[in-house]
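Throughout, residue positions are numbered sequentially from 1 according to the sequence presented. Predicted model only: the values in this text are computed from it and were never measured. Computation of the quantities below employed the complete heavy-atom set of this structure, encompassing side-chain atoms and omitting hydrogens, waters and symmetry-equivalent molecules.
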Amino acid sequence: MPGTTTAISRQAADVPEPGTGRRRTKAGPNRWVVLVVLCASLLLVAIDATVLHVAVPAVSEDLRPGSIELLWIVDAYPLVCASLLILFGTLGDKVGTRRVLLCGYALFAVASALAAYSQSASVLIGARALLGVGGAMIMPATLSILRQVFPDRRERALAVGVWSAVAAVGAAVGPLVGGLLLEHYWWGSVFLINLPLMAVSLPLGRWLLPESVSGSDGPWDVLGALMAAAGLFGVIFGVKQAGGGEGLSPLCWLPLAAGAALIALFVRRQRRRPHPLIDFGSLTRAAFGTSVGCIVLTVLALVGLALIAAQYLQLVLGLSPLQTGLRLLPLSVAAIAAGLLGSRLLSLLGPRLMVALGFVATAVAVLCLTGVGQHDRPGLLVGGFVLLGFGLETALFGCYESMLSEAPPEQSGGAAAVGETAYQLGAGIGIALLGSVMNAAYGPGVRDAAGRSGIPASAGADASHSLGEAYEVAGHLGGGAGEALRAAARSSFVTGLHVTLLVSAVLLLAGALAALRLPRRMDGAQPEPGDEGERGAGEADAGGGRPLSEGVTQS
C-alpha cells in the first residue's frame, strides 16, 4: 500500500528520546519477506505443541516412562511455554524483540536435538521444557515484529491473517506430520525436523528482521515477570489436572489457588508501577479485553474438539494416525482460506460482525457434527470440519487483529504475550472442560452397560476411564463379554461426543454475543448511535503519539 514503506523508513530513522515511549526500529528489507520468516518459525512452534501426540505409544515402548512421567513428557512443553509468554514478551519490549527471537531460535534447535536423542524419560521431559522456553521466546516476538513492520492497518490485517492461519494450521497438522514420520522413522524424528529450519531461520532472522526496543526509561520489572510466570504456571497446571479428572484433588486446586493469588498480586503490582510490564488499563477497554476473551473461547473449541475428534476417528472408526491426520486436513485447509480472506472480510464486515459470524458458523458446524455415529460418514465429517476450520479461523483472525491494533506500539510485545497466553489458556481449559463433559457423559453409560451384561464391576470401572482402556479391558475379558463391553463403550463414547458438541455450541454462541462489544468498523470513523465508546475520526490518542493512519479503533 502506498506510503507504508516510507512510514517504515521514517520510523527507522527516529532517534529515541528518553521518556517519550517512542520505539527505535531498524527496518527490514521487505516486510513480506519478514512475514515469511516469522511464519516459518511460528509453524514449527505450533507443530511442536501437538506433533508428539501420535508418538506417545512409541515413546512409551522405548523409554518405559511411568504414568506421571508420560504425562509430563506431553505437558511440559505447553505448560512451560504458556507460563513464560508474558515474561519474554515484555522482555522483548525492553531489550529488543529480534534479540529475544534469535535466542529463542537457538534454544529451540538445541532442545530439539536433545529431545530427539533422549535416552531416558527425565531427559526428554527436560528437553521438552527447554522447547517450551524457546517457544515462549519465539511466539510473542513474531507477533510484535509483525506489528512493527506493518504500520498500515489494512496491510497488517492481511499479515495477521496469514500469521493466525499458520498458528492454527501448525497445531492441526502436528499429528499428521508425526504420523508421516512414524511411518518410516523412530520417534525422535518428530523433533529433528526442527533443526534444518532453525538453522536457516537463525541467519535469515539476523539479516532480515528489524530490531525494536521501547524508548521508555523505566526498568524491566523482574519480580513482576517472575510473579506472572509462576502464577500462570499454577493456573494452567491446575486446569490441566482438572482436565485429567482430578478436579477435587489438592494437586488441582492448590496450584490453581496459588496461581490465581500470584496473578492477582501481579496485576495489583502493575497497576501501581509508573512503568508497568503490561498496561492493564488497556484490558478494561472493550476492544482489547473482548478480543482476549474471544481468543480463549475460540481456542477452547478448537483444541478440545480436535482432541475428541482424533479419538473418535481412531478408536470408534478404527483409522490409523496417518488416516486420522488426513481426515482432519480439511479443517487446516479451511483455516488457511479463512486467514487469507480475513483482510477482505474484515474491511467489508468490520471486527464486530466478522467475529460474531465466525462464532455462529462454528456453532452451526458443531451442531452438524452431532449427526456422526458409530459408522463412518465421510461427507458429513468433511463438510463439518471445513465449516469448523473456516469459522474458528475467521473469529480468531478478527480477535488477533483487533487486539494488536488496540495495543500501543511500545507495548506490542506485552500485548502479543497476553494474546498468546489467552491462546494457551484456552487450549488448557478446552481440554479440561470438554474432556470433563465427555467423561461425565461416557463413564456412567459404560458402567451401566457393564452391570447389565454381567461384567465384573472392577472391569466396568476401569473401562469407564476412557475408550482406550475399555478396549484393553475387553481384550482381557475376551468372548461375548469382551465384545459386549467394546460395543457399550463405543456407544457411550458417541453419546458423550454428542453431549460435548452441544456444550461447545452453547459456548460458541456465547462468544458470538461477547463479540458484539467489538468495534463496528475497522477504521476510526465517527461512531453511530449505540456504538459504545468508538473513537471519532479526528480524535487523537491521549499521548498524541499514535496517528490515525494506524487504524486505531476503540470500543
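- Residues satisfying the ring pair (Phe, Tyr, Trp, His ring centres under 6.0 Å) test with Phe88, not counting sequence neighbours, are none.
- Ala116 is linked by a side chain to side chain contact (heavy atoms under 4.5 Å, CB included) to Phe191, Leu192, counting only residues two or more places apart in sequence or in another chain.
- Closest of all the heavy-atom pairs between Leu317 and Gly373 is CD2-O, 4.4 Å.
- Applying the side chain to side chain donor-acceptor pair (under 3.5 Å) criterion to Tyr312, with sequence neighbours excluded, gives no partner residue.
- With rounding to the nearest 0.5 angstrom, the CD1 atom of Ile125 is 9.5 Å from the OG atom of Ser118.
- For Asp376, the salt bridge (charged side-chain N to carboxylate O under 4.0 Å, His left out) criterion is met by Arg327, not counting sequence neighbours.
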Quiz: residues 129-143 side-chain donor-acceptor pairs under 3.5 angstrom, not counting sequence neighbours:
| unit_1 | atom_1 | unit_2 | atom_2 | d |
| --- | --- | --- | --- | --- |
| Thr142 | OG1 | Met139 | O | 2.6 |
| Thr142 | OG1 | Trp163 | NE1 | 3.1 |

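- Remark: Tyr471 pairs with no residue by the ring pair (Phe, Tyr, Trp, His ring centres under 6.0 Å) rule, at least two apart or across chains.
- By the side chain to side chain contact (heavy atoms under 4.5 Å, CB included) test, Ala514 pairs with Cys294, sequence neighbours left out.
- Note on residues 353-391: no pairs pass ring pair (Phe, Tyr, Trp, His ring centres under 6.0 Å), not counting sequence neighbours.
- Leu388 is listed as a side-chain neighbour of Val366, based on a closest heavy-atom distance under 4.5 Å.
- For Ser120, the side chain to side chain donor-acceptor pair (under 3.5 Å) partners are Ser122, not counting sequence neighbours.
- Arg128 and Ala76 make their closest contact through CB-CB, 4.0 Å (heavy atoms, listed as atom of the first residue, atom of the second, distance).
- With hydrogens and angles disregarded, a donor-acceptor distance shorter than 3.5 Å links the side chain of Thr362 to the backbone of Leu392.
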Would you check, one step at a time, whether the test side-chain contact (heavy atoms from CB on, under 4.5 Å) holds for Val494 with Val372? CA-CA 8 Å; Val494 171; Val372 301; 5.7 Å; no
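- Under the 4.5 Å side-chain criterion, counting only non-hydrogen atoms from C-beta, Phe397 is in contact with Met354.
- The CD1 atom of Ile295 lies 11.0 Å from the OG1 atom of Thr290; values are rounded to the nearest 0.5 Å.
- Put simply, the side chain of Leu381 reaches to within 4.5 Å of the side chain of Leu313, judged on heavy atoms.
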Verify side-chain contact (heavy atoms from CB on, under 4.5 Å) between Leu101 and Leu38, making sure each step is shown before the conclusion. CA-CA 10 Å; Leu101 181 64; Leu38 295 177; 3.9 Å; yes
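- For Leu256, the side chain to side chain contact (heavy atoms under 4.5 Å, CB included) criterion is met by Val235, Val239, not counting sequence neighbours.
- Among residue pairs with one or both ends in residues 485-507, none qualify as side chain to side chain donor-acceptor pair (under 3.5 Å); sequence neighbours excluded.
- Across all their heavy atoms, Gly384 and Leu369 have their closest contact at CA-CD2, 3.9 Å.
- For the pair Ala335 and Glu393, the tightest heavy-atom approach, listed with the atom from each and the gap, is O-CG, 3.1 Å.
- Residues satisfying the side chain to side chain contact (heavy atoms under 4.5 Å, CB included) test with Arg377, not counting sequence neighbours, are Leu380.
- Across all non-hydrogen atoms, the minimal contact from Ala334 to Val386 is CB-O, 3.2 Å.
- Rounded to the nearest 0.5 angstrom, Phe108 CZ and Leu195 CG are separated by 10.0 Å.
- Atom SG of Cys81 is separated from atom CG of Leu85 by 4.5 Å, given to the nearest 0.5 angstrom.
- Contact annotation: the side chain of Val59 approaches that of Ile73 to within less than 4.5 Å [non-hydrogen atoms, C-beta and beyond].
- Residues Asn194 and Ser112 come closest through the heavy atom pair ND2-OG, 2.9 Å.
- Expressed to the nearest 0.5 Å, how far CG of Leu502 lies from CG of Leu507 amounts to 11.0 Å.
- Contact check for Leu501 versus Leu367: no side-chain heavy atoms found under the 4.5 Å cut-off.
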From CA spacing to verdict: side-chain contact (heavy atoms from CB on, under 4.5 Å), Phe493, Gln374: CA-CA 9 Å; Phe493 186 91; Gln374 297 188 49; over 6 Å; no
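- Contact of the Val123 side chain with the Leu63 side chain is not registered, since no non-hydrogen atoms from C-beta on lie closer than 4.5 Å.
- Taking CG of Leu297 as the start and CG of Leu508 as the end, the distance is 7.5 Å to the nearest 0.5 Å.
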